[in-house]
Number of protein chains: 2
Amino acid sequence: MALNASRKPVLDGEECDVSGWDMDNCPVRDVLDRIAGKWSALLLGALARQPYRFGELRRLVPDISQRMLTQTLRDLQRDGYIEREVFPTKPPSVEYRMTDLGRSLFEPLSKVILWAEANHPSVKAARVKYDESELA
Amino acid sequence: MALNASRKPVLDGEECDVSGWDMDNCPVRDVLDRIAGKWSALLLGALARQPYRFGELRRLVPDISQRMLTQTLRDLQRDGYIEREVFPTKPPSVEYRMTDLGRSLFEPLSKVILWAEANHPSVKAARVKYDESELA
DNA sequence: GATTGTTGGTCTCAAAAAGAGACTAGCACT
DNA sequence: AGTGCTAGTCTCTTTTTGAGACCAACAATC
C-alpha cells in the first residue's frame, strides 16, 4: 500500500463512483451507451445536416446493414434524438429528422468528431508505435 | 423523386460521404469506434482525474469484468490515450495514467459527458413516451 | 509452516450483439 | 409480364462481450 499512501485514498467501502457518478443509475452510461454505438455518431452527423430517408442513409453509409440501420434509427428515435415521419406516397417513404434534443446533443458531440478528424494522425501514429513495441 | 427534388440532391454516384467523411478511411469511425466502447468513456473519466492502478479501476467500475478492463485499457493505450507503467514491487503493481493526447481528447469528450448528465431526464422521458406509443 | 490474501492478469465457455443475405408487399414504369 | 423501387423483417453465421475459474509469487496471518 506504499504506492497508494502517497495518493488520495480511493476505496473506503462506500465510494464506488467516478467524479460522483452513481453506478446503479449512471446517466453517463445510460445515455452514452446509446450514442456510443458503431453507427450512431455517423447517423447523427448526417441528420444534423438535413433530414434523410431510409434509403438515402443506407447509401450514405454504405457498409451498414439494413438491420443495423433500422435498429440504430429506432434507438435514436426512442431516446428522442430523431423523429420518424411516414409519407403515404405510393411506395411509402419515411423521413428521419433531428429533434431539438438531438441538436443539443450534437453540439458537444460534434466537438469530439472534430477532434477525431484533427487527431486521427496522432492516433494512427500511437498505434504504429504500440504495435512495434509489442512485436519485440 | 418528388420528395427528393425539393431538397439538395444526395446521391450522384460519386458522393458517398457525410460532411466530407471518407468511408474507406473514415477518421471519425476509426477514432470514435474505440472511445465509443461501453467502458472507454468511464475509464477515461476516471483517469482524467488521477492515475489509477488496475485493481483500483476494477473497484471503481464494479461491473466491468477483468477481461474487458484489460482489453479496454490495452485499446486505450494502443491509441495513445493512456500510459501503462509497471512497478517492480513484490506483488508487481501497474499504474495507468492519461497522456497529453488523452487529455486533449477528454476536453471535448467531457462536454458530452456533462450533456449526458444534464439531459438524462429528457432522454428517460423520451423513452417512456416512445414505449407508450409503441404498445398501442 | 500451512493457509489465506493480494497483485495483474489469462483462459475457457456461454450469452448477447452484429453482419450477410434472402424475402416481403404494393405499386410504377416498360 | 417482367423489373425495380420503397422500407423494412427474418434467419443464419460470425464476432463481441460477460462470467468465472485459474495462475505464480510473495506477505501477512495463524
Side-chain angles (χ1 to χ4, degrees), chain A residues 1-5 7 9-11 13 23 29 32-43 47 51-78 82-97 134, chain B residues 1-5 7 10-11 13 23 29 32-43 46-47 51-78 82-97 134:
Chain A
M1 281 304 169
L3 260 169
N4 234 347
R7 300 205 312 272
V10 167
L11 184 77
M23 286 301 156
R29 294 175 54 185
L32 252 58
D33 278 2
R34 287 291 154 74
I35 65 176
K38 188 172 180 180
W39 308 107
S40 304
L42 237 26
L43 294 176
L47 293 172
Y52 282 109
R53 288 171 50 189
F54 187 87
E56 290 175 331
L57 289 170
R58 191 158 63 93
R59 285 186 289 271
L60 219 48
V61 186
D63 54 349
I64 194 174
S65 63
Q66 290 194 335
R67 188 182 160 283
M68 283 315 293
L69 181 53
T70 303
Q71 195 174 101
T72 306
L73 288 172
R74 289 280 144 79
D75 287 347
L76 293 177
Q77 185 194 355
R78 191 171 103 99
I82 64 176
E83 284 172 334
R84 179 178 182 271
E85 187 176 5
V86 182
F87 294 97
T89 51
K90 310 84 187 194
S93 67
V94 178
E95 194 174 80
Y96 293 91
R97 72 167 53 80
E134 277 305 288
Chain B
M1 278 303 170
L3 259 169
N4 237 345
R7 300 206 312 270
V10 167
L11 185 76
M23 284 301 156
R29 293 174 57 185
L32 252 58
D33 279 3
R34 286 290 154 72
I35 65 176
K38 188 173 180 179
W39 307 107
S40 304
L42 237 27
L43 294 176
L47 293 171
Y52 283 109
R53 290 172 49 190
F54 187 88
E56 290 176 331
L57 289 170
R58 191 158 60 93
R59 285 186 289 273
L60 219 47
V61 186
D63 53 350
I64 195 175
S65 64
Q66 289 194 337
R67 190 182 158 285
M68 285 314 293
L69 180 54
T70 301
Q71 196 174 101
T72 306
L73 288 172
R74 288 282 145 79
D75 287 347
L76 293 176
Q77 185 194 354
R78 192 171 102 98
I82 64 176
E83 284 172 334
R84 178 177 183 270
E85 187 176 3
V86 181
F87 294 97
T89 51
K90 310 83 189 199
S93 67
V94 179
E95 194 174 81
Y96 294 92
R97 71 168 54 80
E134 277 305 288

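Sequence lines set the chain letters: A, B, ... in the order given, protein chains first and strands last, and positions in each chain run from 1.
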To the nearest angstrom, how far is A/Phe54 atom CZ from C/dT24 atom C1'? 14 Å
Could B/Arg97 and B/Glu95 be called an ion pair, given the rule that one side-chain N must be under 4.0 Å from one carboxylate O? yes
Once you round it to whole Å, what is the distance between C1' of D/dG18 and CZ of B/Arg58? 15 Å
With a cut-off of less than 4.0 Å, is there a side-chain N or O of A/Lys90 near OP1 or OP2 of C/dC29? no
Length of the CH2-C1' vector between A/Trp39 and C/dA17, whole Å: 14 Å
Nucleotide C/dG9, atom C1' - distance to CD1 of B/Ile64 in whole Å: 13 Å
Grab the two heavy atoms, one from B/Phe54 and one from B/Gln66, that are nearest each other, plus how far apart they are. CZ-O, 4.1 Å
Minimal heavy-atom distance between A/Ser40 and A/Ile35, with the atoms involved, is CB-O, 3.5 Å
Return the value, rounded to whole Å, for the distance between atom CD of A/Glu85 and atom P of D/dG8. 13 Å
Please give me every residue in residues 65-75 of chain A whose heavy atoms get under 4.0 Å of an atom in DNA chain D, ordered by residue number. A/Gln66, A/Arg67, A/Thr70, A/Arg74
What integer distance in Å separates A/Glu56:CD from D/dC5:P? 14 Å
Does D/dA7 have its OP1 or OP2 closer than 4.0 Å to a side-chain nitrogen or oxygen of A/Tyr52? no
Give the minimum heavy-atom separation between A/Leu73 and A/Ile82, together with the two atoms involved. O-CD1, 3.5 Å
Does a side-chain N or O of A/Lys38 approach OP1 or OP2 of C/dG19 to a distance below 4.0 Å, or not? yes
Indicate the atoms forming the closest heavy-atom contact of B/Leu47 with B/Tyr52, along with that distance. CD2-N, 3.6 Å
Whether A/Asp63 and B/Arg29 form a salt bridge (side-chain N of Lys/Arg under 4.0 Å from carboxylate O of Asp/Glu) is what I want to check. yes
Just to verify, which of B/Glu83, B/Arg53, B/Gln77, B/Arg84 counts as forming a side-chain hydrogen bond (donor to acceptor under 3.5 Å, both in side chains) with B/Tyr96? B/Arg84
Between B/Tyr96 and A/Pro91, which is nearer to the 5' end of DNA chain C once each is assigned its nearest nucleotide? B/Tyr96
Testing D/dT6, C/dG9, C/dT7 for proximity to the side chain of A/Arg53, the answer is D/dT6
Separation of C/dG19 P from A/Asp63 CG (nearest whole Å): 9 Å
In whole angstrom, give the distance that lies between atom CZ of B/Arg59 and atom P of C/dG9. 14 Å
